[in-house]
Amino acid sequence: MSQTTLRVDPSCMDDFDPNSLLADEAIRRIQQQIQPTSGFEKIALRSALGRILYSDVLSKIEVPGHTNSAMDGYALRGDDLPSAGTFTLDVIGTAWAGTPYTGAVSAKQCVRIMTGAPLPEGTDTVVIQEHAEITDDGIRIDARHKPGQNVRHAGEDIAKGQTVLNAGRRLTPADIGLLASLGIGETKVYRKIRVAFFSTGDELRSIGEPLEPGTIYDSNRYTLQGMLTRIGAESIDMGVIRDRREDTFEAFREAATCADVIITSGGVSVGEADYVKECLEELGQVTFWKVAMKPGRPLAFGRIKDAWFFGLPGNPVSVMVTFYMFVQPALRRLMGETEPDPLTLQARCESKLSKKAGRTEYQRGVLEYDGSGQLTVSKTGSQGSGILTSMSHANCFIILPLELESVEPGSTVTVLPFAAIM
Ligand code: AMP
Ligand code: MG
């Protein structure tokens, strides 16, 4: 393993710590180690939304399969179009979508045609019905038309043998429609990955249990479950693990037998009265990092038997931020996804933001357009790592780079909109 073990500093007060690992470096080290799972399954197209394609999909047919009319009107020969004045053509039949006109069309003839109907033999042009005058002698058209107009050509969307979707793509509703248009009823996708998670801390209670003095409800398992569901992983909720040696060992052992990835929250900062670190030392190869970021400074990453392990901080906002920054890209890679990273935007900051130099901060904001079409962002109240409302009200992170010390209203900041995951 190419991890670097860093001395863990017991003080939480030292905001600038030269031994801290940069967030980008932590992401790079994690991504470097993780490879896509080799497992796949064949599933019905109807169940494939949000799944990751295992192999490229090639079309066995042309789309459209036949040259057809884009409009309701009259199919005719482009050579017959008048260059000036008007011209009258005999209507010799009708072509319906699904019921083609099977005869051939000669000069001075035309066929009534509906949208999607194959162009009859001999024709190459469609005049829309609004531009055709019906007379006793046939239909009369004028000189405004161009040969080849209102026609959709066979194969103009997709050629036979063309790659329509690449391996590693997360299937969207449009992709599912595209596969259906090719008559593909089954797709080969990466298998789902299983992620087991548990919370650690004697102060934590589950919903339904009474709150004695000094105890709090466990919310991290709920945010984790939500984010895992959105990313398309199978989640295994192992509950709250009390700070007891045997319980902690047992939880890690069990998680490693049933999951590809184990995520814990709490217990990775210094001074924890628990056994997380002790268990990890015995069961796996895990590095404890102090990342130069806020929220979410402590982070543990490594292997426990055959599973990847992420030890996230306990604070509710830190859990979400570290999941977004570190766990999400790792899970996507493990799942086989190769989509590019989400785009960041530049916006005018409406709030005064304070921060400390020496760490990247991910403050929570609301991104919107003002009346004049300018993108603006405002912070969502107090930015403490335990204040989950700051996350709940937000639709983006405001990313404040390492050396910045404060942001005045009116300055431009970099914003990362939450994709569909938060
Ligand atoms: P820790 O990282 O374990 O020191 O926890 C940091 C803070 O987050 C403490 O105030 C904990 O009570 C709180 N915390 C830890 N785990 C959870 C959880 N699962 N749900 C809500 N708060 C938590
Ligand atoms: Mg704790």
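Model, not experiment: these values are computed from the prediction.
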[X] side chain to [Y] backbone, donor-acceptor under 3.5 Å:
X      : Y      : value
Asp157 : Val63  : no
Glu282 : Cys279 : no
Ser411 : Val407 : no
Gln31  : Ala330 : yes
Thr123 : Leu119 : no
Lys355 : Pro401 : yes
Arg332 : Met335 : no
Thr200 : Gly266 : yes
Thr257 : Glu254 : yes

[atom2] on [Y] to [atom1] on [X], rounded to 0.5 Å:
X      : Y      : atom1 : atom2 : answer
Glu405 : Ser354 : CD    : OG    : 11.0 Å
Glu203 : Glu212 : CD    : CD    : 12.0 Å
Lys160 : Ser59  : NZ    : OG    : 9.0 Å
Arg112 : Gln129 : CZ    : CD    : 4.5 Å
Phe310 : Phe197 : CZ    : CZ    : 15.0 Å

Run the salt-bridge test on [X] and [Y] with the 4.0 Å N-O cut-off and return the result as yes or no.
X      : Y      : result
Asp142 : Arg144 : yes
Glu408 : Lys352 : yes
Arg51  : Glu41  : yes
Asp247 : Arg242 : no
Arg221 : Asp218 : yes
Asp24  : Arg29  : no
Lys379 : Glu350 : no

Inset, instruction - Might you point out which heavy atoms bring Ile193 and Asp260 nearest each other, and give the distance in Å? - result: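 Heavy atoms only, the tightest pair is CA-OD2, 3.4 Å.
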Inset, instruction - Decide whether Asn220 and Ser265 meet the rule of one side-chain donor and one side-chain acceptor closer than 3.5 Å. - result: yes
Inset, instruction - Answer yes if the side chains of Gln225 and Ser235 hold a donor-acceptor pair under 3.5 Å, and no otherwise. - result: yes
Inset, instruction - Tell me, with the steps shown, if Thr264 and Leu312 meet side-chain contact (heavy atoms from CB on, under 4.5 Å). - result: CA-CA 6 Å; Thr264 62; Leu312 307 185; over 6 Å; no
Legend entry - Among Leu22, Leu299, Leu402, Val321, the one residue meeting side chain to side chain contact (heavy atoms under 4.5 Å, CB included) with Met293: Val321
Inset, instruction - Evaluate the ring planes of Phe418 and Tyr324, with Trp represented by its six-membered ring, and classify them as parallel (under 30°), tilted (30 to 60°) or perpendicular (over 60°). - result: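 Aromatic pair Phe418/Tyr324 classed tilted.
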Inset, instruction - Measure up the His145 and His131 rings against each other and bin them: parallel (under 30°), tilted (30 to 60°), perpendicular (over 60°). - result: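 Taking His131 first and then His145, their aromatic rings sit tilted (interplane angle of 30° to 60°).
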Inset, instruction - Kindly confirm or rule out a cation-pi arrangement of Lys188 over Phe40, judged by NZ or CZ under 6.0 Å from the six-membered ring centre and within 45° of its axis? - result: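 Ring-cation test returns yes.
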Inset, instruction - Please check if atom CD in Glu121 has more than 12 non-hydrogen atoms from other residues, nucleotides or ligands closer than 6.0 Å. - result: no
Side-chain donor-acceptor pairs of residues 391-398 under 3.5 Å, sequence neighbours excluded:
{"unit_1": "His393", "atom_1": "ND1", "unit_2": "Thr389", "atom_2": "O", "d": "3.4"}
{"unit_1": "Asn395", "atom_1": "OD1", "unit_2": "Leu367", "atom_2": "N", "d": "2.7"}
{"unit_1": "Asn395", "atom_1": "ND2", "unit_2": "Leu367", "atom_2": "O", "d": "3.1"}

Considering only distance and modelled atom types, tabulate donor-acceptor pairs under 3.5 Å from the side chains of residues 161-171, sequence neighbours left out.
{"unit_1": "Gln162", "atom_1": "OE1", "unit_2": "Ala159", "atom_2": "N", "d": "2.7"}
{"unit_1": "Arg169", "atom_1": "NE", "unit_2": "Asp175", "atom_2": "OD1", "d": "3.3"}
{"unit_1": "Arg169", "atom_1": "NE", "unit_2": "Asp175", "atom_2": "OD2", "d": "2.6"}
{"unit_1": "Arg169", "atom_1": "NH2", "unit_2": "Asp175", "atom_2": "OD1", "d": "3.3"}
{"unit_1": "Arg169", "atom_1": "NH2", "unit_2": "Asp175", "atom_2": "OD2", "d": "3.4"}
{"unit_1": "Arg170", "atom_1": "NE", "unit_2": "Glu337", "atom_2": "OE1", "d": "3.1"}
{"unit_1": "Arg170", "atom_1": "NE", "unit_2": "Glu337", "atom_2": "OE2", "d": "3.3"}
{"unit_1": "Arg170", "atom_1": "NH1", "unit_2": "Gly50", "atom_2": "O", "d": "3.4"}
{"unit_1": "Arg170", "atom_1": "NH1", "unit_2": "Ile231", "atom_2": "O", "d": "2.9"}
{"unit_1": "Arg170", "atom_1": "NH2", "unit_2": "Ile231", "atom_2": "O", "d": "3.1"}
{"unit_1": "Arg170", "atom_1": "NH2", "unit_2": "Glu337", "atom_2": "OE1", "d": "2.7"}

Legend entry - Qualifying salt bridge (charged side-chain N to carboxylate O under 4.0 Å, His left out) pairs, either residue in residues 366-376, two or more places apart: Arg348-Asp370
